[in-house]
Amino acid sequence: MPGLRAVFLQAALAAATSLLCTASLAQAAPMAASAAPAASGVYYEIFVRAFYDSNGDGIGDLKGITQKLDYIKSLGVSGIWLTPINPSPSYHGYDITDYEGINPQFGTLQDFRQLLDEAHKRHIQVLMDMVINHTSDQHPWFKAALNPKDPHHDWYVWAKPGSDLGAISATGGPAWHRAPNGQYYVGVFTGAMPDLNYDNPAVRKAMIDVGAFWLRQGVDGFRLDAAQHIYDDLRTDVDSPIALQKNLAWWSEYHRGLEAVDPKVWLVGEVARQNPDDLTPYMGALNTVFNFPVATQLIDSVKQERNLGIGRGLQYTYAAYRAHDGGQLDDAPFLTNHDQERVMSQLDGNMAHMRLAAALLLTLPGHPFIYYGEELGMQGTKPDEDIREPMRWYRKGDGPGLAHWKDWSSKDGADISVEAEQADPTSLLNLYRKLIGWREQVSALRDGVLHDVPADDPHLLAYMLQDAQSRVLVVHNLSRETRSLPLPADVRVANVLLQSTPGITLTSGRLSLPPYATAILQ
C-alpha cells in the first residue's frame, strides 16, 4: 500500500526472518535493514480531552499524551489517531475555526511538535483528524460568507430559487439552516457546521494547503471525517452514483496533492456504510476506509456466540478491495469508536465476550483501530459525552493527570483501570498486549491474504492468512463450551504456534479449543 506500507514491509521481513528460525514457515526474503522494530499495524484512537491532563486544569492535552507515550508504546501499537486538536467552540472539536491552529485547551503548536518528535522516537505514527466536509459557523470564512459580495460567500452551499428548504440531510436531520443574513445554507450535521462548497476550486486548494501544512509539521497521515459527505448532502444523495463519483474525484485530487508533499502520507476515511460494496470504490482514492460492516458483524457474532459469515464475507471484501486498487490490500477494522457505544457496554459487561472480540479484531489483516480504554474494558453508552469519558488510570478513580472534564457515568469498578490491570497477567489489558504482539511476530496476521476455511460447527470461525513470509491458520471458538475442529487435508498445519488461553490441543488432525479460545496454527 502507499504510505506506511514500506515501513511495515521492512518490519515484516525482519519479524518473519526471526520467526522462520524456529517455526519452519515458508522461506522468507532476506531481512531488510531497519532500525525500527517489527510493526503491529495497530492504531490507537485518543479522544484528547479525556486522555491525560498535564497541567491540572482537568482537560486532557497534548503534553499529557506525550507523557503517556511509553504506556501507548507498551501496548505495541504502531500509531495513534488524535481526535480534532484545532480551535473549536465545542468540546468535541468537529467544528473547526482555525485549520492551522491548536486548540489552546490542548496546548500549543510547539507542544504538538514535541509530541510528534517523541512519538516518532518510539516508532509511533501520528494521524490527525481532518474535518474538512464543513467548518464551524464561527469560522472567519463563514462569517465573511454572510456578505454575498465577499469571495468567501461561494465557499459554502447556499439555497437557490427552487431549493427544497424542508429537505432531509444525508444524516437524517434538516439539510438547510437559516443564516443571520436571512439566506439558507447546507449543514449536513447541524446548523453549527456549514458544509463547504467543493465545486469551488479555491476551497479545494485551501484544504490541500491545510493538509500540506500539517504534513510539514511531521504528521504521518489523516483520519478523514465524514469522507462520504463531501457531495453526499441530502437523503436523496445517499445512493447517488453522481455524488459518489464526485466524492472520489475530490479525494483522488486531495491524495495527489498531499503525496506531492509527502509520498508516504496515509489516508483513512470515515465512510459510515454497512454494505461492504459501498466501501470498495474508495480504495485507491484513499489508502483505506474504516470497516463499519465488519465491526457490526464481529460484535453481533460475539454476542450470539455464532459465526455470522465473518470469514466468507471478509474473503469477498478483501478480494474486491484488491481488484479495485491494483492488487493492493489495506483495511481498517475496528470494534467501536468515539461515535458509538463502547464495545464492553454493547456486550453487556461480559468480560469473556470482550476478550473474544479483541481476539477477533486483532487477528484480522490490515490496520485494526482500538479506542482508548477499550483495552481496559471501559464501558460507556450514549449520549456522546458518556462514551468519551476520562481514561481510567487509577484504582481509586483519582490521581495525577486524570482528566476531569466530566464525571464518569459508567459503573466501572477499581479493577477497570491501568493501575489494576498492569499487574495482572490475565487482565484484558495484557491480553491486548499479547494479541498485538502476535502481529509483530507473524507478518501474515498483518499482511496476509485471507481464505475462509468453512467449518460445519457454527460456533467456530477459521481462516488461513498467507503472505510472502508466513502462512497460518486462525481458529476461534465463539462459544462457552469446548469445541473441536477436524482440519481439512488441504490446510496443512502441524502445530499450535500461539494460543490465547491454555488448553488448546492438536491431535491426529483434530483441533480442540476451550471456551472462547483463539489458536494460531502453522
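Sequential numbering from 1 along the given sequence is applied to the chain's residues. When reading the values below, keep in mind they use all heavy atoms of this one structure, side chains included, and skip hydrogens, waters and symmetry mates. Small disclaimer: the values here were computed from a predicted structure and weren't measured.
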| Heavy atoms of other groups near Tyr394 OH, more than 12 under 6.0 Å | yes
| message | Can you confirm whether Asp407 is buried at CG, in the sense that more than 12 heavy atoms of other residues, nucleotides or ligands lie under 6.0 Å from that atom? | response | no
Just by distance, with hydrogens left out, do [X] and [Y] show a side-chain donor and acceptor under 3.5 Å apart?
| X | Y | answer |
| --- | --- | --- |
| Thr296 | Gln274 | yes |
| Tyr371 | Gln340 | no |
| Gln245 | Tyr231 | no |
| His451 | Tyr318 | no |
| His229 | Thr171 | no |

| side-chain hydrogen bond (donor to acceptor under 3.5 Å, both in side chains) assessment of Thr363 paired with Tyr463 | CA-CA 10 Å; Thr363 53; Tyr463 47 88; 3.0 Å; yes
| request: Starting from the C-alpha separation in whole Å, work towards a yes-or-no answer on side-chain contact (heavy atoms from CB on, under 4.5 Å) for Met378 and Met391. | output: CA-CA 8 Å; Met378 283 177 58; Met391 177 71 168; 4.2 Å; yes
| field | ring pair (Phe, Tyr, Trp, His ring centres under 6.0 Å) partners of His338, counting only residues at least two apart | value | Trp81, Tyr94
| message | Just to verify, what does Phe292 make a ring pair (Phe, Tyr, Trp, His ring centres under 6.0 Å) with, not counting sequence neighbours? | response | Phe334
| query | Does Arg342 make a cation-pi contact with Tyr372, if we ask for NZ or CZ under 6.0 Å from the ring centre and within 45° of the axis? | reply | yes
What residues, two or more places apart in sequence or in another chain, satisfy salt bridge (Lys or Arg N to Asp or Glu O under 4.0 Å) together with [X]?
| X | result |
| --- | --- |
| Arg388 | Asp339, Asp384 |
| Asp117 | none |
| Glu389 | Lys406 |
| Lys121 | Glu118 |

pair [X]-[Y]: side-chain heavy atoms closer than 4.5 Å:
| X | Y | answer |
| --- | --- | --- |
| Met128 | Leu82 | no |
| Val472 | Val493 | no |
| Glu375 | Leu428 | no |
| Ile299 | Val302 | no |
| Leu314 | Asn291 | yes |
| Asp325 | Asp330 | no |
| Phe47 | Pro390 | no |
| Leu478 | Tyr516 | no |

| remark: By side chain to side chain contact (heavy atoms under 4.5 Å, CB included), Pro333 pairs with (sequence neighbours left out) Val294, Asp331, Leu361, Leu364, Pro368
| query | Charged N to carboxylate O under 4.0 angstrom, Arg223 versus Glu270? | reply | yes
| query | Do Lys264 and Asp220 sit within salt-bridge range, that is, some charged N less than 4.0 Å from a carboxylate O? | reply | no
| note | Test side chain to side chain contact (heavy atoms under 4.5 Å, CB included), reference Leu127, set Leu224, Val268, Ile80, Val219, output is Val268
Check whether any side-chain N or O of [X] sits under 3.5 Å from a backbone N or O of [Y] as a donor-acceptor pair, and report yes or no.
| X | Y | result |
| --- | --- | --- |
| Asn477 | Leu513 | yes |
| Asn350 | His353 | yes |
| Thr83 | Val48 | yes |
| His255 | Trp251 | no |
| Ser484 | Leu511 | no |
| Thr381 | Glu341 | no |
| Asn287 | Leu267 | yes |
| Asn430 | Asp424 | yes |
| Ser78 | Ser40 | yes |
| Glu374 | Val343 | no |

| request: Take Leu461 and Leu360 through the test side-chain contact (heavy atoms from CB on, under 4.5 Å) and record every step on the way to the result. | output: CA-CA 9 Å; Leu461 167 63; Leu360 290 172; 3.7 Å; yes
| Given Val238 and Asp232, is the side-chain contact (heavy atoms from CB on, under 4.5 Å) satisfied, shown in steps? | CA-CA 6 Å; Val238 169; Asp232 183 2; 4.0 Å; yes
Heavy-atom closest contact ([X] atom, [Y] atom, distance):
| X | Y | answer |
| --- | --- | --- |
| Asp490 | Arg471 | O-NH2, 3.6 Å |
| Phe290 | Leu279 | O-CD1, 3.9 Å |
| Ala517 | Thr501 | CB-CG2, 3.4 Å |
| Leu487 | Leu473 | CD2-CD2, 3.8 Å |
| Leu498 | Gln441 | CD2-OE1, 3.6 Å |
| Ser443 | Asp467 | OG-OD2, 2.7 Å |

| request: Mind checking the CD1-CG spacing from Ile436 to Leu431? Nearest 0.5 Å is all I need. | output: 9.5 Å
| task | Just jot down the side chain to side chain donor-acceptor pair (under 3.5 Å) partners of Tyr254, sequence neighbours excluded, or say none. | result | none
| query | By side chain to side chain donor-acceptor pair (under 3.5 Å), which residues pair with Tyr282, not counting sequence neighbours? | reply | Asn247
| query | Taking the six-membered ring where the residue is Trp, are the ring centres of Tyr71 and Trp393 under 6.0 Å apart? | reply | yes
| query | How would you list all residue pairs meeting salt bridge (Lys or Arg N to Asp or Glu O under 4.0 Å) that involve residues 273-294, not counting sequence neighbours? | reply | Asp239-Arg273, Arg273-Asp278
| Qualifying salt bridge (Lys or Arg N to Asp or Glu O under 4.0 Å) pairs, either residue in residues 409-423, two or more places apart | Arg392-Asp412
| field | Audit row: Leu356, Glu305, side-chain contact (heavy atoms from CB on, under 4.5 Å) steps and yes/no | value | CA-CA 10 Å; Leu356 176 61; Glu305 300 192 353; over 6 Å; no
| field | Residue pairs fulfilling ring pair (Phe, Tyr, Trp, His ring centres under 6.0 Å) with at least one residue in residues 407-434, sequence neighbours excluded | value | none
